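Note sheet for the following structure.
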Amino acid sequence: MAERGARLLLSLLCLTFLYPATTVSRHADKGTAARPFSPFWFSVEPWDTLAVRGAPALLNCSAHSGDPASEPTAPQARVEWKKDGTFLSLAPDDGRRRVLPDGSLLISSVVHSKHNKPDEGTYQCVATIDSLGTIASRTARLTVAGMPRFSSQPTAASIRLGDSQVLACDVNPDLVPLARWEREREPLELSSRLVQLPNGALVVSNASEADAGLYRCMVENAGPAKTSEEAQLTILPEERELEFLVEPLPVTKVVGASLLLPCVVTGYPAPYVRWMVGDKLVEESEGKLELVGGGSLLIYNLTEEDAGVYSCMADNTNNTIEAKAELTVQVPPEFLKRPANIYAHESMDIMFQCEVTGSPAPTVKWVKNGDAVIPSDYFKIINEHNLQVLGLVKSDEGFYQCLAENDAGNVQSSAQLIILEHGVANPTGPTPSAPRDVVASLVSTRFIKLTWRPPAEPNGEDLTYSVYFNQEGTNRERILNTSRPGEMQVTIQNLMPDSKYKFRVVAHNKNGLGESSAVLKVATQGEVQVPGPAPNLQAVSTTPTSVTLSWDTPLTGNGDVLTYKVYYMEKGLDLEQDIDAGALSYTLMGLKKFTEYSIRVVAFNKHGPGVSTADITVTTLSDVPSAPPQNLTVEVHNSKSIMVRWQPPPPGAQNGEITGYKIRYRKGTRKSEAAETTGGTQLFQLIDGLERGTEYTFRVSAITVNGSGPATEWSTAETFESDLDESRVPDIPSSLHVRPLVNSIVVSWTPPENQDMVVRGYTIGYGIGSPHAQTIKVDYKQRYYSIENLDPSSHYVITLKAFNNMGEGIPVYESAITRPQSDPDVDLYELFHAPYTPVPDPTPMLPPVGVQASVLSHDTIKVTWADNSLPKNQKITDARYYTVRWKTNIPANTKLKTANTTNLSHMVTGLKPNTLYEFSVMVTKGRRTSTWSMTAQGTTFETIPSSSPKDVTVVSKELKPRTIIVNWQPPSEANGKITGYIIYYSTDVNAEVHDWVIEPVVGNRLTHQIQELTLDTTYYFKIQARNSKGMGPMSEAVHFRTPKSKWGGNPWRLIGKPGITGSGDNHILVIVVIISVGAFTIIVVVVGAFLCTRRTTSHQKKKRAASKSSNSSHKYKGNSKDLKPPDLWIHHERLELKPIDKSPEPNPVMTDTPIPRTSQDINPVDPSLDNSLLQRRNSYRGHESEDSISALAGRRGMRPKMMMPFDTQPPQQSVRNTPSTEPLPPQAQPPCQAEHQHPDPEGSYQGSTATDDEPSASGSYCSAGQPPTAHVRPTHPLKSFAVPANPAANFESPALPSTPLLTQTGPQLHSVKTASIGTLGRVRPPMPVTVPSAPDVPETSKMLEDVDSSYEPDELTEEMAHLEDLMKDLNAITTA
């Protein structure tokens, strides 16, 4: 009965947890009625109060419980008060402070002095009903007004008619509402002209004669009123400058309040005052905005939209002035979502939601039954506002309040938590037994994944499961349900690292909760302990290019610090560099001069990098500039002065703050120099006091506090002979002459007739039909110019204008038609009529200078430059354009890209991240172009990898089935230096990313081991690369299944092991089937071998008899060494195999290779294979191949077999005819083979595959020591059998080693690799090819009697016939 009662209790718990709700009606199940919620609230809460010393003060509070209509006898709340967080002990004899019947606190006489302030503070009302719980009100501040004190008083002042004036009266801030003004000791009535400011001061605006008089300020407190000194206000008539008497100041107010922004301006004529908020004009509106006191702005009922920067602007006919102030509007906290009442059972997790808004953002605190909730492992603040309670216990029941507070106020809201009792109900059927085999399949630092098997007695379908767990040492047990019926795994998250937990699983069906599983104890993994930040990091610039750093050992080392890494970055760039430091100090070298750097230090231990220090900044010392000023120009100003202009050195070459420039100049070629110095920001200097008509040279250098840098090249200018007029533009040139040629026009002119005007140069314009197509400027001394690159036979219009600093003068026009291309008079004309003066080529276009590449982002670089052919202001006024070209420094990508622009800069986009680019610029003007400028380089910033690691593979580690090795390649688009990889693995490919186990790997590794995996489990792996900018995308999931057991998956080792699915009966049935099949296979092999042996023996006897009768008529001379075999070669075209693709497997069945061309390609025959090894190799081939071989051998009689060489590949690529690569055990090898074993590199043996019934080469070798093998002649593989034999000498040539067909002394044997011939999908043994041979061993003695004997033609004919039969059989087998 006790067990049945426990099951019913668990059943109710499960059903109640699966259907939580916040209403009573949802929790009435199986006859158990939930206790209803009891309303408990404050009808009145205290508010901030200003009290006067000695006067009474009242803080209101009233709490109620229940519904008066339905519960007239509801219990009364007991009200207590807290002051500054501590309960007030109100003794019965304390007549000064007492709690009224409704709960309000009355202080009959407020006590307040300089050293004793018992009543001032923060008050809170606390209401308690013993049967329900406790709630607390909002807090309220009681402020006691002090004695009136004037920090400033009104003073005598004078004011002009229509002007404004302020009379000061600064009192205690809390007494400002009690202050008022009097004039001539009569109360002053305030108006739109007479306004009292928030600090108590009085503003008199638009003054009139009636405003003159004595003014004083008065503060009326509980005691006698206190007055300030009197001040006389006098009205004056004269005008004065515009100025502020009172300016608006930054102010903070609460929503709903009213605000006066003061703005008092004095001046005559009377100023006009207007207000701006941001860039919008403030317009008066009734009930919202009003201008008072001649300029102050009054805002009613403030809202959040009223916040902003307000500007008071005053102007009259003489001047305009402006003053600004920022208005900040605060919003008290307000609930968007209040906490709701909750029913729950023990062990459940619940969450009270509380969403608030306000400005500034409110802080939220939680209170349980009047006491602050302290966050812990089981009470957690979620999303800064919500309260989560984990693993409920009975003592958690009560009232929970959410208290929100900011500078504008505070609010509270409460909710009740009721822990339901477990009801007892009769189940309608049996409940499940305990779940089986609860294991932790994944264990991480902060989560554990549990899996289990269903109960042995489910007693129903669609089982659901609940997991109960708690941390060891605590009594709070938590519960977590599976997400769907039948699911037998769950992931418990938010666990503590390196902590022990207890888990148990309970199944439940429609009848209720079942039995609990045994408790499983699991410990989470410990987090990697890395060093803390290095304290006391300091940086000192020692030289213009170095900084010395020092720091202390981290306070939390968590192990020995192996090294430190210093990270530094130039300000304004996004490329951080790092360098290793082994000690507690380091000096950074090679830095840029006078450049600000950001530096941080990270300590490393055996677990990896620790916590970084905060960034510190340091600026390297300044130095003299390393480059001269740019774009130096000299311009003659008059006969005694020259203007010198320049641009600063490039920013990277200034090496400090430019404090000035030094201009050196000299007359002509003299060595003596004069010098002048300018300020740091002045980029021009007028050099005067020069001599008339004299040539001067100038150079400029930049100066820092460290000295002068390099100077520019010398630039020359010549002063005028006399001072000319430059108050207007020059006159028209006096003449213009043109001389057309085929592709050019020579232009010559004379200056304007008025020589008193300054001419600084001439502008030549020309074009077909219009002179505005091209423009050229020449020096004022020049009198001719040749316009080149013109079209023949074209009509050009030419214009000439003189110009000076005032502009261009009146133009003179001419037109000319260039000569035709084939004009015969051109050469004679040019030959005999030379121009008046030699005409130089047009001035070549100068390439742009100062090209700079500024990196803006990972794909954008801004290229800027200067053009020395432009005016000093670098303003483009003609039709020139610039071509920018760029390329990367990648050798495989040398393609140049270009872009045109008409500006002195160009934004190059679409670049690759972390790539070095080279830029150069060319200028084009008309048909003239410059050379390419000097190159500038820029490396784009890094960005996160845009592709995932590739070629991810997972393999198991040999002899360690619980360990796998993950290999990968870097991402193809790394977009920077890869600093690390993260390996994610999980047993659920659809799990959330945060549920996967993480393994970090350093960036220079491409392989990683993962240990302690669960056997017979499918794992999924993903890899993510990271660089200094962040994480790239994940690779596609790769799955891998660990072996079933530590024996690598051998099915015989799994029988009887725990964890194998299926019953014991299935295992026995599998064993019986396997044994039966094996026995049947053995019987078939034995019977087949016996039949083949008998058939082969009968054929051999017939053949021997025929051989004896044939040989008796011949007389043999000599010995066997003199016997010459016939020239027998297999037709290659008749031995073609069906094309078979080369198998990628390590042991391919057959390769299609040609017959070797030379005998060197044939490996020695391995005589180490006995019949047992041959049977072992042929055990997988089937009986069909053996039968066909036996039949073929029987039809041809006893002839020695020749193995056909098909494979000429190296030994490591040789074919295998057996799946086993293990050599024959030493104890199983015959003694005669011990000295002649030739294993290949993979461990298998090459040799004959003769059957037991046919004597093989190896068998003959063991018996007689002279194995007969087939002779393979070194010739073309396409040789036919019909080709006549080579002379006998070829067999004995040392250059071509060969093997005689019959006998040969010594162990010099050549192995012949064989190719098995058969159809696809079926493996056949190597086909023995029989050739004519001498008789058996007993007949050999007769052959030795006659050495000079040779084969007769009839014998050769007979042997050829045998070979033809052989080829027919081979073709038949091949095509089968």
Side-chain angles (χ1 to χ4, degrees), residues 528-626 650-659 704-706 854-858 913-914 938-944 976-980 1000 1002-1003 1026-1031:
V528 175
Q529 299 297 313
V530 295
N536 197 25
L537 175 61
Q538 297 180 352
V540 178
S541 180
T542 53
T543 69
T545 59
S546 64
V547 170
T548 299
L549 307 173
S550 63
W551 59 87
D552 296 336
T553 304
L555 301 178
T556 55
N558 297 321
D560 295 336
V561 175
L562 302 180
T563 185
Y564 296 90
K565 184 164 287 189
V566 178
Y567 296 87
Y568 62 99
M569 180 174 60
E570 182 181 344
K571 183 180 180 181
L573 300 181
D574 200 16
L575 179 63
E576 190 174 50
Q577 305 179 61
D578 60 81
I579 192 167
D580 292 329
L584 296 178
S585 63
Y586 190 81
T587 300
L588 292 174
M589 309 291 291
L591 304 178
K592 293 182 180 180
K593 299 177 181 180
F594 197 66
T595 303
E596 185 175 353
Y597 286 87
S598 173
I599 302 174
R600 62 188 180 94
V601 176
V602 177
F604 284 70
N605 64 6
K606 62 181 180 179
H607 300 295
V611 181
S612 172
T613 63
D615 288 355
I616 63 172
T617 58
V618 62
T619 302
T620 52
L621 298 179
S622 62
D623 199 0
V624 297
S626 55
Q654 295 182 10
N655 302 335
E657 183 179 354
I658 301 297
T659 60
T704 64
V705 293
N706 305 88
S854 303
V855 182
L856 301 183
S857 67
H858 66 277
N914 194 39
T939 302
T940 52
F941 297 151
E942 294 185 5
T943 187
I944 61 174
K977 180 182 177 182
I978 297 299
T979 59
V1002 296
R1026 73 168 181 266
N1027 56 20
S1028 62
K1029 291 301 177 183
M1031 308 299 301

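From a predicted model like this one, the values you see are computed outputs, not experimental measurements.
- Scanning for side chain to side chain contact (heavy atoms under 4.5 Å, CB included) contacts around V705 gives S622, T659, with sequence neighbours left out.
- A donor-acceptor contact shorter than 3.5 Å links the side chain of S541 to the backbone of L621.
- The shortest side-chain heavy-atom distance between T613 and V602 does not fall under the 4.5 Å cut-off.
- For the pair A534 and P554, the tightest heavy-atom approach, listed with the atom from each and the gap, is CA-CG, 4.3 Å.
- The nearest pair of heavy atoms linking E596 to T617 is OE2-CB, 3.6 Å.
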field: Derivation and outcome, side chain to side chain contact (heavy atoms under 4.5 Å, CB included), residues Y568 and V618
entry: CA-CA 10 Å; Y568 62 99; V618 62; over 6 Å; no
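- Considering all non-hydrogen atoms of both residues, T595 and T620 come closest at N-OG1, 2.9 Å.
- The heavy-atom pair separating V561 from A603 by the smallest distance is CG1-CB, 4.0 Å.
- Under the 3.5 Å distance criterion, the side-chain polar atoms of N1027 are matched with a main-chain donor or acceptor of T943.
- Legend: residues meeting side-chain hydrogen bond (donor to acceptor under 3.5 Å, both in side chains) with K977, ordered by chain and number and at least two apart, are absent.
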Let me check something: any side-chain donor-acceptor pairs from residues 576-590 under 3.5 Å, sequence neighbours excluded? List them with distances.
from: E576; atom 1: OE1; to: R600; atom 2: NH2; distance (Å): 3.0
from: E576; atom 1: OE2; to: R600; atom 2: NE; distance (Å): 3.0
from: T587; atom 1: OG1; to: T548; atom 2: OG1; distance (Å): 3.3

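- With values rounded to the nearest 0.5 angstrom, S598 atom OG is found 5.0 Å from M569 atom CE.
- Annotation: salt bridge (Lys or Arg N to Asp or Glu O under 4.0 Å) contacts involving residues 608-625, sequence neighbours excluded, comprise K593-D623.
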message: Could you walk me through whether Y564 and T553 satisfy the side chain to side chain contact (heavy atoms under 4.5 Å, CB included) test, starting with their C-alpha distance in whole Å, then the side-chain angles of each, then the deciding distance to 0.1 Å, before giving a yes or no?
response: CA-CA 10 Å; Y564 296 90; T553 304; 4.1 Å; yes
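- With sequence neighbours excluded, the residues forming a side-chain hydrogen bond (donor to acceptor under 3.5 Å, both in side chains) with K1029 are D574, listed by chain and number.
- In this structure, the side chain to side chain contact (heavy atoms under 4.5 Å, CB included) partners of V1002, at least two apart in sequence or on a different chain, are N1004, R1005.
- Residues I658 and P625 share a closest heavy-atom pair of CD1-CG, 4.1 Å.
- Residues passing the side chain to side chain contact (heavy atoms under 4.5 Å, CB included) test with P650 are A627, Q630, A653, Q852, sequence neighbours excluded.
- Looking at residues two or more places apart in sequence or on another chain, you find a side-chain hydrogen bond (donor to acceptor under 3.5 Å, both in side chains) between E942 and S1028.
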Working for side chain to side chain contact (heavy atoms under 4.5 Å, CB included), residues T939 and L575: CA-CA 10 Å; T939 302; L575 179 63; 5.8 Å; no
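- Residues F604 and K565 have side chains in contact (heavy-atom distance under 4.5 Å, counting atoms from C-beta outward).
- Rounding to the nearest 0.5 Å places CD1 of I599 at 14.0 Å from OH of Y567.
- Looking at residues two or more places apart in sequence or on another chain, you find no side-chain hydrogen bond (donor to acceptor under 3.5 Å, both in side chains) involving T545.
- Between I616 and A539, the shortest heavy-atom contact is CD1-CB, 3.7 Å.
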